[in-house]
Amino acid sequence: MKLKKKIPFTFRVQTIKFTPTPKRHLFFGDGLMPSVVIEKTSPQNPNCTKTSVRARSNTGDPLKGQKKRTFKNPAQAEAFKKKLVAQFAKGDFSFFSQTQKHLSMSDVINACISSPRFIGLKAERASLLKRVALTSFGAAPADQLKAHHWFNLAEHMHDKWGNQPQTIAHNMSVLRSTLQDCNTILQLEIELDGNAAATKTARRRGYISRSAERTRRPSEDELNSITLELKKQSLNSRHKVPMLDIFEFAQETAARRGEICSEKICWGNWNAENRTLTISNRKTPYKDKKIHSTFELSPKAIEIIERQPRGKDSDPIFPYKADSVSAAWQRTMKKLEIEDLHFHDLRAEALCRLYEANWSLPAISKVSGHRDLNILNNIYLRFYPTQPCRLAA
């Protein structure tokens, strides 16, 4: 069989040549192969010998993404790199589809944060993952996670981070669901069975508990202080997010932060003629159902909408990141020394004010988006235990 002329292939660290593979092998786009590089896992630490081999696909390749494997020393990494380059040269790209084993939890977390497939990872979640990677949990072998690793992490969050049991429960849940996604999407072998036993033990020890029902309502003095501070911020060009408008809109509509800053409240959902707003795809415990709420806006809410720059019908009325709103809110609360007031508490405040204005629960549910009036009754009537139920109103 006559061989074709050898074709050069360029890598980031070296150039190799290989003979084109038989037709049964998979060619990458335009004959290019994935780039293979060697990198230290902790460049800032001169004593660290751990070294990774990372392979990245190129534009036009049929397999997308990147994958790495970590070794104890550079020699092992160099040997694996040569093996991997030879494997690619033969047209064997199974490295990208193999389940990666023997990774530490910090390797898994770094792979998650750096992966293009997790580009939408919320900043709050990414921040939690980075903190977890720095604990002893980060050094644990991902495919040999035991219950004591999870329990020690919960204990660390309680003793070192000062987290409340409800926060620890939330953090552990977020971590577990993210690792499940890593297992499925990135094909990383992660042992998760120990989580259930650890959660039970942590709950018995008081490190984890269910979220307590919130009864926090802002006082009029607090609301006035927040309004004055946000007015000052609106005069400062450094503040890009119109927090005063978002703050007042939340009070007028009882909309969630994630609804206000998304396509769920877009220009196409605002009917100026009827003075109504539709909030689409609202949060619901029923995954197979979509809930849309349409209700008439107050004059103040209309005024807030009308001073926003008009976009396309599909554009959000408030085109800002929900995480940015959350961060701005936390900074404001810290500056004003207002404790334990969440942005979500504005939703409860808005609905309570409708109740105090003698709205029936069916009418309030059109604003809140609740389909189960018992949930609405149990959540918001706890503020008024002496008043009669209005479920039949």
Side-chain angles (χ1 to χ4, degrees), residues 41-45 48 52 66 68 70 103-140 142 145 149-186 188 190 192 195 198-199 202 207-209 211 214 238-241 243 246 256-262 283 318-335 338-345:
T41 57
S42 300
Q44 302 86 355
N45 184 0
C48 179
S52 298
Q66 59 178 310
K68 75 171 183 177
T70 303
L103 298 174
S104 69
M105 284 310 307
S106 61
D107 291 330
V108 170
I109 290 171
N110 290 332
C112 171
I113 294 174
S114 61
S115 172
R117 306 193 71 179
F118 283 83
I119 194 69
L121 193 68
K122 291 184 177 180
E124 181 181 356
R125 183 169 292 203
S127 177
L128 171 64
L129 293 177
K130 290 176 182 177
R131 293 187 73 186
V132 169
L134 297 175
T135 67
S136 60
F137 188 85
L145 274 182
H149 292 123
W150 291 95
F151 175 79
N152 290 342
L153 178 60
E155 188 176 46
H156 183 91
M157 290 179 180
H158 181 273
D159 295 344
K160 304 298 183 182
W161 294 2
N163 288 161
Q164 295 296 318
Q166 297 89 345
T167 303
I168 297 174
H170 171 75
N171 288 345
M172 299 289 277
S173 175
V174 166
L175 178 60
R176 188 180 193 282
S177 63
T178 304
L179 295 180
Q180 284 177 323
D181 292 343
C182 288
N183 198 330
T184 303
I185 298 172
L186 301 181
L188 307 179
I190 309 169
L192 298 173
N195 175 266
T199 299
Y207 294 144
I208 288 178
S209 68
S211 296
R214 290 188 62 78
R238 292 190 301 106
H239 295 279
K240 305 299 182 183
V241 180
M243 282 300 297
I246 293 174
R256 300 176 178 89
R257 173 174 54 97
E259 293 170 339
I260 296 174
C261 302
S262 73
K283 183 179 178 181
F318 299 94
Y320 308 98
K321 292 183 179 179
D323 287 339
S324 298
V325 171
S326 179
W329 178 261
Q330 292 172 14
R331 287 194 299 268
T332 302
M333 295 303 99
K334 185 176 181 179
K335 181 176 181 180
I338 296 177
E339 296 182 357
D340 191 35
L341 183 61
H342 302 170
F343 187 90
H344 192 74
D345 292 333

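When reading the values below, keep in mind they use all heavy atoms of this one structure, side chains included, and skip hydrogens, waters and symmetry mates.
Taken from CG in N110 to OG1 in T41, the straight-line distance is 9.0 Å, to the nearest 0.5 Å. Here NZ of K334 is found 12.5 Å from CD of E339. Values are rounded to the nearest 0.5 Å. To the nearest 0.5 Å, atoms CZ (F318) and CD1 (I260) are separated by 7.0 Å. Taken from OH in Y207 to CG in D159, the straight-line distance is 5.0 Å, to the nearest 0.5 Å. Interatomic distance, S326 OG to R331 CZ, rounded to the nearest 0.5 Å: 9.5 Å. Separating the SG atom in C182 from the CG atom in L129 is a distance of 7.5 Å, to the nearest 0.5 Å.
Residue V325 comes nearest to C261 through the heavy atom pair CG2-SG, 3.6 Å, listed as atom of the first residue, atom of the second, then distance. Contact detail for L175 and V132: the closest heavy-atom pair is CD2-CG1, 4.2 Å. The nearest pair of heavy atoms linking R176 to L192 is NH2-O, 4.0 Å. Here the shortest heavy-atom pairing between A126 and I113 reads O-CD1, 4.1 Å. Considering all non-hydrogen atoms of both residues, A322 and G258 come closest at CB-CA, 4.5 Å. Shown here for E259 and K283, the closest heavy-atom pair between the two residues is OE2-N, 4.2 Å.
Between the N183 side chain and the L179 main chain, no donor and acceptor come within less than 3.5 Å of each other. No side-chain donor-acceptor contact under 3.5 Å links T184 to the backbone of D181. Proximity of a side-chain donor or acceptor of T199 to a complementary backbone N or O of N195 within less than 3.5 Å is detected. The closest donor-acceptor contact from the side chain of D107 to the backbone of S104 lies under 3.5 Å.
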Q: Could you check H149 against M105 for side chain to side chain contact (heavy atoms under 4.5 Å, CB included), going step by step and ending with a plain yes or no?
A: CA-CA 11 Å; H149 292 123; M105 284 310 307; over 6 Å; no

(Q) Working note: H156 + F137, criterion side chain to side chain contact (heavy atoms under 4.5 Å, CB included); need CA distance, chi angles, decisive distance, verdict. (A) CA-CA 10 Å; H156 183 91; F137 188 85; over 6 Å; no

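Residue Q166 qualifies as enclosed at atom CD: its count of foreign heavy atoms under 6.0 Å is above 12.
Side-chain contact between H170 and V174 is present, with at least one heavy-atom pair separated by less than 4.5 Å. Counting heavy atoms from C-beta on, the side chains of T332 and M243 never come closer than 4.5 Å. Residues I168 and W161 form no side-chain contact, since every pair of their non-hydrogen atoms from C-beta on lies 4.5 Å or further apart.
Note on ring orientation: taking the six-membered ring where Trp is involved, the planes of F343 and W329 are perpendicular (angle over 60°, cut-offs 30° and 60°).
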